[in-house]
Amino acid sequence: MRPWIEKQRYLIDYTLAALARRKARNLGLLAVYALLVFMLASVSLFGQALRQEAAAVLADSPEVILQRLVAGRHDLIPPGYLEKIGRIRGVQHQQGRLWGYYYDPVSKANYTLLVPAAEAPAPGHLRLGATLARERGLQAGQPLSLRSYGGKLFTFTVDEVLPASSELISADLVLLGEADFRAFFDYPAGHYTDIALSVANPQEVRNVAAKLSAALPDARPILREEMRRTYASLLDWREGIALALLAAALLAFAILAWEKASGLSADERREIGILKAIGWETGDVLRMKLWEGLLISFSAFLLGLVGAYVHVFHFGARLFEPVLKGWAVLYPRFTLVPQLDGLQLFTLFFFTVVPYTAAVLVPIWRAAIIDPDAAMRG
Amino acid sequence: MTRRPSARFGAFLAVLLLLFLSMLADARRLAPPRQQEQAARAALVQQLGLSDLALFTEARYTRHLSLADLHSPFQDHPLALDHFPSGSVVPPPPARLPHYAPLDRETTLPD
Amino acid sequence: MIQLTDIHKAFNQGQHNEYWALSGIDLELEARRVTAFQGPSGSGKTSLLTIVGCLARPTRGRVRLHGEDISGLPERFLTEIRRRTFGFVFQQFNLIRGLSALDNVMLPAYPEGKPHAELLQRAEVLLARLQLGHRRHARVEWLSGGEQQRVAIARALINDPEVIIADEPTANLDTTLSKQFLAILEELSGEGRTVLLTSHDPLVIKSSAVHRVVGLRDGRLCGD
Ligand SMILES: Nc1ncnc2c1ncn2[C@@H]1O[C@H](COP(=O)(O)OP(=O)(O)OP(=O)(O)O)[C@@H](O)[C@H]1O
Ligand SMILES: [Mg+2]
């Protein structure tokens, strides 16, 4: 065992000494490689954590949301709907919801105005999402004036700013009472934006949805299950796009690696010939190169991974912000729960370490079978 | 005498592994408080009956992805992505497409 | 110690440019002697040395080392025999550029996996013996021709081989350095090593350090 270990150390000594001959170039390669792993790992960690976040946070969103469609567009729920739904078996609870959008020319941002089902603010009072409050420089106790779409100016008092830790779901929320909401939007009495339902038996959700569609042909039920799948696939898709963009970088790196590895210079071939002539086996040459590939790619993997972890979980994935943010003015600040599962790490490891090592090794394979007597001839 | 390259690299690798391990430790340390925050978010979602993350606030169909009209973000075609930049990365919700298959067919069939 | 029986060597066998570099060599090489191969360019000297030194296999014929037939051994065993029994000093020295003299000297011992301290000690002793102790950390391309050759000799000796094979050892050296080489040669054979070399150089052929001269012409022996 000891000679085996000592021998591997010698091979590592050699490969490192050989790499050190072109220090700048090889350190540059390591840096580019680590950067690539960093990008890949950032996308993967961020995507995974955001998916988990969506799944965990939206787990208790309404089971079914019922929208009314008029001419294929979302319309208000007229009076009488809630009663009709009440007669459908399997519906445990139904609640008309009031919410809408408001464009604030001051901050040039869209807000979501929402009437909470319970603990709604008193008339003339508001609760605000933290992102919005930050953007408008508002704190609890201060007044906020909004000009309604009807042209009237409404002045509210900010009761409370929602906790900063909830920005991811509440960035643009303005919570207000029902009377204020109806007055502000000139919302017709008895009408609702949509209806949230809960179903007694979770297994029955699909049946209930079918019954709802039959009873109210102009309504469209949206199931929680569908909403969650929408998020899962949306985030997958987004991650896929980022990866597709990275594929270009990946390809460039593959070319670089290939160039480095396959462009075995005459010098390198000569060196392999010499090593074989002075008593190295073909296997020793291959093992030496294998070490080169493993050491470089493993270092790059660790550097990139740790960098990505810090980027995603300590710096809020700052580099992805421009992509996610779009032209949104209100972009939430959020922290995600660190997710590092074994399979994910292994996948990253596999797709970063193996290709490079193979790219280094494969061309050597051909070179390593050079006849050792080549060394005898100039 | 200078040290062997393998010894120097071993030290470098040890530093990297230490970083890796401290990353794992940091993740363990960070998880409980952040899980608490997440639970608070979930509670708020339940309390307010929210259905979406507030990641894309620029337009209504990106703000409430799960509630968007099937056709409004994709005005001309269910698969036309009209809104930049969110529109360029937000596909029609595939989970909902089968539900409205008749509508889709009408728009994708040529006249 | 080495017996060659009916050695033939063909290059590009079976192709239109087939060339027989050696055609029927029968030769017995004694241990602890310095044997020089002499002959015109292209006569097959280098080819013969590659076969003796297990760098190449003969197309036909047998090579026996200590009475054991080694021409049919698989690659791995052949490499091991080469590493342990032969030390090579190539005409172009063939050092690995960018590495220090010390690293170059230690290279042939790497596959053996001996303890590092032991190996380092041995390499330092060899370099010191060849008056290169002060240059051991220099990159080999910074060394002069004579110094490079001595590094190559130290490298050939690192595994303590029985046989030293040197192809045209003095071709790149001036008279003074050639004489220095002959002195080292004498020392090596004095230690009981077998030395095989090729040379055009009368200085070497006529030297008292050389015990036997074998002539070659067109791939055949032509008298001692
Ligand atoms: N790999 C090869 N392929 C084809 N022919 C070869 C090869 N190697 C050597 N030869 C030929 O074999 C013959 C013998 O070559 P060798 O190198 O043994 O001669 P030499 O006696 O060492 O000559 P020199 O004194 O010039 O070094 C030469 O004609 C050479 O061209
Ligand atoms: Mg020759």
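Hydrogens, waters and symmetry mates are skipped; everything else that's a heavy atom, side chains included, is used. All values reported here derive from a predicted model rather than from experimental measurement. Naming: A, B, ... by sequence-line order, numbering from 1 per chain.
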What part of [X] lies closer than 4.5 angstrom to a heavy atom of chain B: side chain, backbone, both or neither?
X: A:A59; answer: neither
X: A:W291; answer: neither
X: A:F334; answer: side chain
X: A:L305; answer: both

I'd like to check [X] versus [Y] (side-chain heavy atoms, cut-off strictly below 4.5 Å). Are they in contact?
X: A:P338; Y: B:R34; answer: yes
X: A:I12; Y: B:P5; answer: no
X: A:F313; Y: B:D26; answer: no
X: A:L58; Y: B:S51; answer: no
X: B:L30; Y: A:V337; answer: no

Starting at [atom1] of [X], measure out to [atom2] of [Y] and round the result to the nearest 0.5 Å.
X: A:Q52; Y: B:Q38; atom1: CD; atom2: CD; result: 4.5 Å
X: A:L162; Y: B:L48; atom1: CG; atom2: CG; result: 7.5 Å
X: A:D13; Y: B:R3; atom1: CG; atom2: CZ; result: 11.5 Å
X: B:H64; Y: A:I65; atom1: NE2; atom2: CD1; result: 8.5 Å

Identify which of [options] forms the greatest number of heavy-atom pairs closer than 4.5 Å to chain B.
options: A:L114, A:T112, A:L303; result: A:T112
options: A:A196, A:A54, A:P332, A:A17; result: A:P332
options: A:L336, A:L175, A:D194, A:V115; result: A:L336

What's the shortest heavy-atom distance between [X] and [Y], and which atoms?
X: A:S170; Y: B:L44; value: CB-CD2, 4.3 Å
X: B:A54; Y: A:E167; value: CB-O, 4.2 Å
X: A:S299; Y: B:F12; value: OG-CE2, 3.8 Å
X: A:S165; Y: B:R41; value: O-NH1, 2.6 Å

B:A27, part contacting chain A, at a heavy-atom distance under 4.5 Å
both
Quick one: what part of B:A43 sits under 4.5 Å from any heavy atom of chain A, side chain, backbone, both or neither?
neither
Pair B:L16, A:F298 - check side-chain contact (heavy atoms from CB on, under 4.5 Å), show working.
CA-CA 10 Å; B:L16 288 186; A:F298 192 59; over 6 Å; no
Within the distance-only criterion (no hydrogens, no angle test), does the side chain of A:Y101 pair as donor or acceptor with the backbone N or O of B:R63 below 3.5 angstrom?
no
Before you tell me yes or no, could you show the steps for B:M23 and A:L340 under side-chain contact (heavy atoms from CB on, under 4.5 Å), namely the whole-Å CA-CA distance, both residues' side-chain angles and the distance that decides it to 0.1 Å?
CA-CA 10 Å; B:M23 174 189 88; A:L340 291 169; 3.9 Å; yes
Starting from the C-alpha separation in whole Å, work towards a yes-or-no answer on side-chain contact (heavy atoms from CB on, under 4.5 Å) for A:S61 and B:L50.
CA-CA 6 Å; A:S61 56; B:L50 303 178; 6.0 Å; no
Run the numbers on B:R8 and A:L16 for side-chain contact (heavy atoms from CB on, under 4.5 Å), then give the verdict.
CA-CA 10 Å; B:R8 268 181 287 162; A:L16 290 173; over 6 Å; no
Examine the side chains of B:S6 and A:R9 and answer whether a donor and an acceptor come within less than 3.5 Å of each other.
yes
Looking at A:Y10, I'd like to know if the NZ or CZ of B:R4 sits under 6.0 Å from its six-membered ring centre while staying within 45 degrees of the ring's axis.
yes
Does B:R28 CZ have over 12 foreign heavy atoms under 6.0 Å away?
no
